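Heads up: the structure comes next, in structure tokens.
Given the structure is predicted, the values throughout are model-derived calculations rather than measurements. Lettering of chains follows the sequences in order, A, B, ..., and the numbering in each one begins at 1.
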Protein chains: 2
Amino acid sequence: MPSSNNRKKIRQMEKDKVGCYEFLAEPFHCDFSQRLFMGHLGNHLLNAADFHSQDRGFGMSFLNTIDRTWVLSRLTIEMETMPPMYARFYVETWVENAKRFFTNRNFCVKDVQTGEVYGYGRSIWAMIDTKTRQPANLLEIKDGAIAQYIVSDKPCPITKGSRVNMGADAQLVAETVMRYNDVDINGHVNSVKYIEHVLDLFDLSWYQAHRLRRIEIAYVAEAHGGDTMRFYREDGEDGLTFHIRMTKVVPNSDEEVEICRCLTAFVND
Amino acid sequence: MPSSNNRKKIRQMEKDKVGCYEFLAEPFHCDFSQRLFMGHLGNHLLNAADFHSQDRGFGMSFLNTIDRTWVLSRLTIEMETMPPMYARFYVETWVENAKRFFTNRNFCVKDVQTGEVYGYGRSIWAMIDTKTRQPANLLEIKDGAIAQYIVSDKPCPITKGSRVNMGADAQLVAETVMRYNDVDINGHVNSVKYIEHVLDLFDLSWYQAHRLRRIEIAYVAEAHGGDTMRFYREDGEDGLTFHIRMTKVVPNSDEEVEICRCLTAFVND
């Protein structure tokens with residue numbers, strides 16, 4: 001058992017490794033149930049990831065100077081409940097592990113006042129060379145700086161995202177063109193916008209009776225402004241789980257390219 | 001000329017009257033030019049208005065307890081430049097005047113570090129009775145509390161929004177259904193979402209050559225989730241100014257109801 005001094009040191013080390021950022025559930029970022037939209041929560045998680053990596057020397061701003069950038073490969077969010085309007089909440093984030101081409105980053109969302117945990121998130125990031133668009137070895141950045149920040153034992157009690165299977169029954173449920181507001185600083189469709197487009201596949205009346213508990217999204221390829229996206233949906237047997245595939249239509253052809261896959265799991269409200 | 005003591009008092013009074021709130025131009029809230037989206041700036045202005053009125057006792061949370069709420073009637077934003085990614089900026093906001101049924105609230109957006117003014121905003125708000133949906137006398141709230149906070153002489157050097165004229169030449173340019181993510185805590189389409197839908201009428205290639213300098217929007221009636229909205233656009237003679245009318249289609253009819261009117265003024269970039 002570590003001595004009291006050692007325990008203090010361990011706590012300090014963990015503090016350095018885990019980032020903690022405060023956010024507000026802004027009223028205009030809340031849905032009709034007066035709780036934060038999942039899309040805005042997703043945005044806060046991405047901000048927390050950005051602040052955490054920036055503060056530790058391997059953030060986007062630095063990476064851009066050496067022709068590297070982070071690419072979000074997978075995001076899973078599972079919420080016991082969503083922060084209500086005006087709640088102040090922390091997003092804790094830490095690196096669970098880092099291998100050559102992928103790193104796992106986790107999140108915990110908790111209320112500032114009560115400490116109540118609203119939910120957790122998991123994400124997988126790759127690094128790419130912005131010139132060649134090829135995967136880059138993230139352990140080479142600043143002599144493996146990221147390895148100093150690994151916290152492998154902090155609990156993140158939600159199951160990892162897994163491959164979202166799409167059967168032959170998936171139905172084309174929507175087609176929409178990516179517009180100016182969908183496109184991010186890199187000229188690609190913003191990761192959070194996919195989540196919003198997926199959640200817009202469900203009617204308001206669905207949300208009146210159901211709460212989104214878990215969302216998994218796997219990013220396969222990039223879409224751009226002007227792309228026509230198609231949404232295919234397969235409804236799970238429980239009536240609450242949905243598998244969604246997004247494709248983009250290759251211009252002047254019938255061909256489609258898969259852009260991402262998503263799982264949404266609701267509970268009766 | 002006021003004495004030094006009086007000048008101090010005047011400064012303190014102005015400080016109490018003018019609210020000042022800090023925001024960050026978050027990277028995922030920026031467009032491909034790496035500057036803040038107008039929609040997200042609009043959201044920050046609405047937040048500042050909410051915080052300012054909340055802090056002074058006539059905010060939404062209090063009003064809801066007495067069956068009243070603020071309704072945004074008109075918003076005008078004119079920007080010399082947009083805050084770049086990661087810029088910290090202040091939104092100053094103050095009440096320019098308050099009459100029975102309308103109050104004018106202004107905004108100034110300035111950089112935290114340099115003090116550089118990015119631009120200004122003007123808005124007009126009405127108060128309604130949430131039960132009858134009828135206009136309510138805002139000077140009756142807390143014995144006219146709002147009147148203590150009027151700052152009539154702080155400069156807001158942009159012209160007021162005026163009626164956006166629509167001629168017979170306006171063309172139907174888009175039709176879109178309002179979805180889950182468009183709807184706010186009151187069950188209506190979010191004021192900022194109209195701005196985003198309007199700006200999505202212009203292609204990315206337009207934004208590559210033009211910068212949005214000014215937007216005016218007048219809210220006429222409320223739209224709800226599930227409503228089909230139509231967008232009519234009339235192009236100004238300068239090739240840079242556009243008048244846009246949004247209508248909602250009355251279900252099972254050919255009738256349309258006007259929801260808002262908008263003016264967008266671009267400059268060559």
- Message: Determine whether B:Gln54 and A:Tyr86 satisfy the following criterion, side chain to side chain contact (heavy atoms under 4.5 Å, CB included), listing intermediate values before the conclusion.
- Response: CA-CA 12 Å; B:Gln54 203 98 313; A:Tyr86 291 119; 3.5 Å; yes

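With a 4.5 angstrom heavy-atom cutoff, B:Leu24 touches chain A only via side-chain atoms. For chain A, the nearby parts of B:Leu46 are the backbone and the side chain; heavy atoms of each come within less than 4.5 Å. Residue A:Asp50 touches chain B through its side chain alone, counting heavy-atom pairs closer than 4.5 Å. Contact of B:Tyr207 with chain A is made through the side chain alone, with heavy-atom distances under 4.5 Å. A:Ser61 touches chain B through its side chain: at least one heavy atom from C-beta onward sits under 4.5 Å away, while N, CA, C and O do not. Of the atoms belonging to B:Phe202, it is backbone heavy atoms, and not side-chain ones, that fall under 4.5 Å from chain A. Of the two parts of A:Asn190, only the side chain, counted from C-beta on, holds a non-hydrogen atom closer than 4.5 Å to a non-hydrogen atom of chain B. For chain B, the nearby part of A:Leu204 is the side chain; its heavy atoms alone come within less than 4.5 Å.
The contact list for residues 173-184 of chain A toward chain B, using heavy atoms and a distance under 4.5 Å, reads A:Arg179, A:Tyr180, A:Asn181, A:Val183, A:Asp184 by residue number. Below 4.5 Å, heavy atoms of chain B meet heavy atoms from A:Gly225, all part of residues 208-230 of chain A. Within residues 32-45 of chain A, the residues having any heavy atom less than 4.5 Å from a heavy atom of chain B are, in residue-number order, A:Phe32, A:Gln34, A:Phe37, A:Asn43.
Contact count versus chain A (heavy atoms, under 4.5 Å) is highest, among B:Ile185, B:Val192, B:Asp203, B:Leu199, for B:Ile185. Contact tally against chain A (heavy-atom pairs below 4.5 Å) for B:His29, B:His197, B:Met60, B:His188: the top residue is B:His29.
Screening residues 260-269 of chain A for salt bridge (Lys or Arg N to Asp or Glu O under 4.0 Å) gives A:Glu258-A:Arg261 as the qualifying pairs, with residues at least two apart or on separate chains.
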